[in-house]
Amino acid sequence: MKTKIVYSEKCLGYGTWHIEGPQRVKIAHDILKAKGYGFVEPKPANDEEIFSVHDADYVFNVKKGLAEDSDTPAYQNIYEFARLSVGGALLASRINGFCLMRPPGHHAGRSGAALGSSTRGFCYLNNIAIAVKESGKRTLILDIDGHHGNGTQEIFQGDEKVSYVSLHQSPNYPGTGNFTEGNCINFTLPSNSGGRQYLETLDKALGMVNLAKFEAVAVSAGFDTHQGDLASLGLLDKDYFEIGKRVAQLKKPAFFVLEGGYVGEKVGLDIDSFLSGFEENVKV
Ligand SMILES: [Zn+2]
């Protein structure tokens, strides 16, 4: 059975000039639609859900357009876009779907920029972190975006219910995640290291996790590791199939939340490849 895609075209309504722009998601949506995926519409998250992760002062600043940095503009009504994206992650968690929404979230910490980063890296609210908190489940978060999810690490560092595993390019933004700290398992890879090294590293990282402890898997699904993208690890469509297969082999209910990936055509094909690898190997 095909994984449902959580999507609202409302997420296309801001930031046309930015690299984190609407086309990346619109084109991916069109590709997945043509491939026969079914879509469901999310509702915006409410303040209570958002406060489970973020400080009230920070949320107030996002609402009022007062939180701005060189990567992450204070667009008009950005809070409405951000809370709909959170709502997408919440729905994906409930139906084991794939949230194809923007803005992304994994760089957003409790009160904005995380772990000493100077910016929030196109993120406003941490979609996946809020979905994991709200589920109340013991969750393994696997972050396959090419950048370290410093916000997610900050939020869950030391949390006994959650382990965070990230593979990311180094050196690159945000410069964090250079070593493993407790429940946060980090592996860095050099630019364009290629699929083989990536998958070997992923197997090693997942081998460090006590799977019996977890009830669910949440994937921060970024595709900027694709060859030529912003944090290229030289990955191709077929590598995402293999990553999806490994997620299926964890044998836990899983959901997926889009992070980066800036070339819409590639994002769409990579998501299809990833979900095909997952679906063909999942035992229901
Ligand atoms: Zn990224």
Side-chain angles (χ1 to χ4, degrees), residues 3 98 104 106-107 128 139-150 152-153 156-157 162-214 216-263 266-267 269-283:
T3 304
F98 188 108
H106 73 154
H107 296 303
I128 201 165
T139 302
L140 170 62
I141 301 175
L142 172 62
D143 190 329
I144 62 167
D145 188 89
H147 301 95
H148 180 237
N150 52 329
T152 309
Q153 171 157 336
F156 292 110
Q157 184 83 64
V162 173
S163 279
Y164 174 73
V165 173
S166 177
L167 273 60
H168 42 271
Q169 194 198 71
S170 176
N172 200 333
Y173 174 88
T176 53
N178 294 308
F179 49 89
T180 291
E181 292 175 86
N183 63 326
C184 297
I185 296 168
N186 291 309
F187 280 90
T188 60
L189 288 162
S191 177
N192 295 313
S193 47
R196 188 168 166 178
Q197 191 180 348
Y198 187 93
L199 294 168
E200 281 172 11
T201 309
L202 180 59
D203 288 338
K204 190 169 155 189
L206 292 174
M208 292 168 68
V209 172
N210 174 15
L211 275 179
K213 199 182 133 176
F214 297 107
V217 173
V219 180
S220 258
F223 298 91
D224 49 14
T225 49
H226 195 110
Q227 194 165 58
D229 207 326
L230 220 50
S232 173
L233 294 175
L235 302 192
L236 303 170
D237 293 28
K238 63 183 172 61
D239 298 312
Y240 297 101
F241 184 95
E242 290 298 319
I243 299 170
K245 180 173 161 183
R246 280 158 175 79
V247 175
Q249 286 167 344
L250 300 172
K251 296 188 166 63
K252 306 281 175 188
F255 71 98
F256 316 95
V257 181
L258 182 70
E259 302 286 358
Y262 298 95
V263 184
K266 292 188 175 136
V267 173
L269 296 173
D270 290 345
I271 291 173
D272 178 52
S273 183
F274 172 81
L275 289 177
S276 301
F278 177 75
E279 287 153 10
E280 287 177 27
N281 290 281
V282 79
K283 304 271 185 294

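Here the side chains of Val219 and Phe255 are not in contact, with every heavy-atom distance at 4.5 Å or above. Considering only heavy atoms from C-beta on, Leu211 comes within 4.5 Å of Leu140 through its side chain. No side-chain heavy atom of Phe187 sits less than 4.5 Å from a side-chain heavy atom of Leu189. Here the side chains of Asn186 and Asn178 are not in contact, with every heavy-atom distance at 4.5 Å or above. The side-chain heavy atoms of Glu280 and Lys245, taken from C-beta on, include no pair separated by under 4.5 Å. For the pair Ile243 and Tyr198, the minimum side-chain heavy-atom distance is below 4.5 Å. Counting heavy atoms from C-beta outward, Thr188 and Leu167 have side chains that stay 4.5 Å or more apart. Residues Asp272 and Asp270 are not in side-chain contact: their nearest non-hydrogen atoms beyond the backbone lie 4.5 Å or more apart.
Defined by atom type and a distance below 3.5 Å, a donor-acceptor pair is present between the side-chain atoms of Tyr240 and Thr225. Side-chain contact check for Asn183 and Tyr164: no donor-acceptor pair (N or O, by modelled atom type) lies under 3.5 Å. Residues Ser166 and His148 bring no donor and acceptor atom of their side chains to less than 3.5 Å of each other.
Remark: Lys213 NZ is packed, more than 12 non-hydrogen atoms of other residues, nucleotides or ligands lying under 6.0 Å away.
Across Val165 and Ala205, no two heavy atoms sit closer than the pair CG1-CB, 3.8 Å. Residues Asp224 and Asp229 approach most closely at O-CB, 3.5 Å, considering heavy atoms. Heavy atoms only, all atoms of each residue included: Thr176 and His168 are closest at O-NE2, 3.9 Å. Here the closest non-hydrogen pair linking Asn192 and Ser232 is OD1-OG, 2.5 Å. The nearest pair of heavy atoms linking Ala254 to Val247 is CB-CG1, 4.2 Å. Scanning both residues, Ser276 and Phe241, for their nearest heavy atoms gives C-CE1, 3.7 Å.
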side-chain hydrogen bond (donor to acceptor under 3.5 Å, both in side chains) evaluation trace for His147 with Asp145: CA-CA 5 Å; His147 301 95; Asp145 188 89; 3.2 Å; yes

task: Give the C-alpha distance, both sets of side-chain angles, the deciding distance and a yes or no for side-chain contact (heavy atoms from CB on, under 4.5 Å) between Ile128 and Ser220.
output: CA-CA 7 Å; Ile128 201 165; Ser220 258; 3.7 Å; yes

- prompt: Is there a side-chain contact (heavy atoms from CB on, under 4.5 Å) between Thr139 and Val217 once you walk through the steps?
  reply: CA-CA 5 Å; Thr139 302; Val217 173; 5.9 Å; no

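We find the OG-CZ distance between Ser163 and Phe214 to be 3.5 Å, quoted to the nearest 0.5 Å. To the nearest 0.5 Å, the span separating CG on Leu233 from OG on Ser191 amounts to 7.0 Å. Between Leu199 atom CG and Glu242 atom CD the span is 6.0 Å, to the nearest 0.5 Å. We find the CD1-CG distance between Ile144 and Leu235 to be 8.5 Å, quoted to the nearest 0.5 Å. To the nearest 0.5 Å, atoms SG (Cys184) and CG (Asp143) are separated by 11.0 Å. Of the inter-residue distances, the one linking Leu258 atom CG with Ile271 atom CD1 reads 5.5 Å to the nearest 0.5 angstrom.
Remark: the backbone N or O of His226 is not paired with any side-chain donor or acceptor of Lys266 at under 3.5 angstrom. Listed for the Glu279 side chain is a donor-acceptor partner under 3.5 Å among the backbone atoms of Thr3. A donor-acceptor contact shorter than 3.5 Å is absent between the side chain of Lys238 and the backbone of Ser273. At least one donor-acceptor pair under 3.5 Å links the side chain of Thr201 to the backbone N or O of Gln197.
For His107 and Tyr173, the ring centers sit closer than 6.0 Å to each other. No close placement of the Phe223 and Tyr262 rings is indicated, their centers lying 6.0 Å or farther apart. Between Phe274 and Phe256, the gap from one ring centroid to the other is short of 6.0 Å.
Among pairs with a residue in residues 194-205, those fulfilling salt bridge (charged side-chain N to carboxylate O under 4.0 Å, His left out) read Arg196-Glu200, Asp203-Arg246, at least two apart in sequence or across chains.
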